[in-house]
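Fair warning: this is a prediction, and the values are worked out from it, not measured in the lab. One-based numbering, in listed order, for ligands and for the atoms of each.
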Amino acid sequence: MTDDSAQNPGSEAGRDFIRDIVAADLASGKTKGVVTRFPPEPNGYLHLGHAKSICLNFGIAEEFGGRCHLRFDDTNPTKEEQEYIDAIQRDVKWLGFDWGKHLHYASDYFEQLYDWAVSLIKTGKAYVDDQTQDEIRLTRGTLTEAGQNSPFRNRSVEENLDLFARMRAGEFPNGARVLRAKIDMGSGNINLRDPVLYRILHAHHPRTGEAWKIYPSYDFAHGQSDAIEHITHSICTLEFEDHRPLYDWCLENLPVPSRPHQYEFARLNVTYTLLSKRVLTELVRGNHVTGWDDPRMPTLAGLQRRGIPADALRDFVKRIGVAKANSTVDLGMFDFSVRETLNKTAPRRMAVLHPLKVVIENYPEGESEELDAINHPDDPSQGSRKIPFGRELFIEQDDFMEDPPKKFFRMAPGREVRLRYGYFITCKEAVKNARGNVVELRCTYDPATRGGNAPDGRKVKATIHWVAAAQAVPAEVRVYDNLFSDPSPDAANFVSQLNPKSLEVVNAMLEPALASENFGGAYQFERQGYFCRDKDSVPGKSVFNRTVGLRDSYAKISASG
Ligand code: ATP
Ligand code: MG
């Protein structure tokens, strides 16, 4: 599926219902410019789902000549950390976006938000409730039943002001009281049944330290922060749709400096993947992965470490489009974007992941030569390099079969194949160990076929990759598979669905250029896929990650490769 309209019916390429709203608001003069924001809570690293939101918010600002703020929604100090604040900024920049001077924090507005809460108390629209969290939950009612008024709902303005000030001063323990909006316990929308605006939290805040003992709820902080920053289009995911009436209620009942509007779009879900910071945090804390940047993680840090270019992420987000109904995208679509992007630029190299030794019996011992290998078949500007060739080589174990079926055209006893950039070789004999496993192939080469063609015009049916044993560089290659075995993993029970084969570590042999180069991007290892150097590499020991295989696992591996 490569067409935007397939995911997002009725939209032109690059257009979606949110962009249509923005365009219409600009055309009608409802708003003069467009200001969006990306509002992460710094309670974990950003993931693929956030990339969709980032590309949407920053993308709209770019396309319509507006601006996009990065605003940390840092209202819950028990879960938020400076490490996450730093990581989020790194990851947004890596994706290619720039908030300029508009780096904001909800905590910058704590004093203003407090004043507005006081103003709601003064107009009789908020009250301090002494009920416990459980009591509040139990009296909220259900979808079919109205809630019950709190016994503290009709406190005097003076008493509310006094108690709220003492909440702020830290006189009461966590959970002793909350500030609630006085809206309607009978509302059909549960979010309007006197929602909590402030709770007591004695906790260290990464930015405000110990200054605050009360913290605003998401619902009280978000819209007002939008208004303070003159956000025009406050774009969020569908689960906030039912919060929109509360978003509007707060703005209508407070002397805010601007009037933003909230719009909701469908969050990104991807097969074999869980996009939830809670789950990702548990994966890290439970040591199911090596960290937030484990290349199996759907975090931007993990994807980056796996060698996924930011361009591929942006391409993927563009292809899936923006819709109003939730759906799940096939992980194969993401891999498609990654391959498309890397195919255009990744330098080609040769590496053998599961080495099988080949001895060329008619090649003189102790000698070697250099062959020319092109770096990119479609990009002559990448030039070529020299690769060594000698009497002993490594080829891929599964490029040989002792007793091949009809459609297997690669190495087999008596068969001639082409070595990529090299010679034709013919297999004379397979040497086995005591257990009967093939450990070495005895071959001959035809010196007249240098460069890959026979002067007599004879053909071979397969070309295989290889590396020269004498100069080969051993490396650890980490081959990743899906983190979960189930196509739609269950966020409540994900540990049992972890794929035990999500990481295969292989001892590979690389052509020597791969050890000496200092290239940070992904290579194509010919016939294998895309691979990048991992940060665990040290001088003398290379570690590579497989970014993605060359074609998806459903596609038949072609015989000639
Ligand atoms: P999570 O569910 O992973 O905990 P969150 O929504 O709590 O994510 P926030 O930091 O609050 O995380 O998200 C910042 C912004 O990113 C929000 O506007 C949110 O709607 C958006 N977002 C989060 N997850 C997705 C997703 N899967 N697809 C699209 N947007 C997302
Ligand atoms: Mg959130």
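Residues Tyr272 and Asn499 have side chains that never bring a donor and an acceptor to within less than 3.5 angstrom of each other.
Looking at Arg37 next to ligand 1, no N or O pair under 3.5 Å apart turns up. In terms of polar-atom proximity, defined here as any N/O pair under 3.5 Å, His50 does make such a contact with ligand 1. Residue Ala266 has no N or O atom closer than 3.5 Å to an N or O atom of ligand 1. Remark: ligand 1 and Lys52 share no N or O pair separated by less than 3.5 Å (distance only, no angle test).
Set against the non-hydrogen atoms of Pro39, the atoms of ligand 1 under 4.0 Å away are 14 (C), 18 (O). Per-residue contacts place Phe38 under 4.0 angstrom from the following atoms of ligand 1 (heavy atoms of the residue considered): 14 (C), 15 (C), 16 (O). Close approach of ligand 1 to His47 (heavy-atom distance below 4.0 Å) involves ligand atoms 3 (O), 24 (N).
Counting only residues at least two apart or in different chains, salt bridge (Lys or Arg N to Asp or Glu O under 4.0 Å) contacts with residues 249-262 comprise Asp248-Arg259, Glu252-Arg259. Sorted by first then second residue, the salt bridge (Lys or Arg N to Asp or Glu O under 4.0 Å) pairs that include residues 83-107, not counting sequence neighbours, number zero.
The option with the heavy atom closest to atom 6 (O) of ligand 1, from among Glu264, Arg267, Arg278, Lys277, is Arg267. Which of Leu275, Thr237, Thr273 comes nearest to atom 19 (C) of ligand 1 through a heavy atom is settled by distance: it is Thr237.
The number of heavy atoms from other shown groups lying within 6.0 Å of CD (Gln133) does not exceed 12. The 12-atom threshold is not exceeded at NZ of Lys79, counting heavy atoms of other residues, nucleotides or ligands nearer than 6.0 Å.
Two rings, from Tyr215 and Phe110, have their centers less than 6.0 Å apart.
Residues Tyr127 and Phe152 share a closest heavy-atom pair of CD1-O, 3.6 Å.
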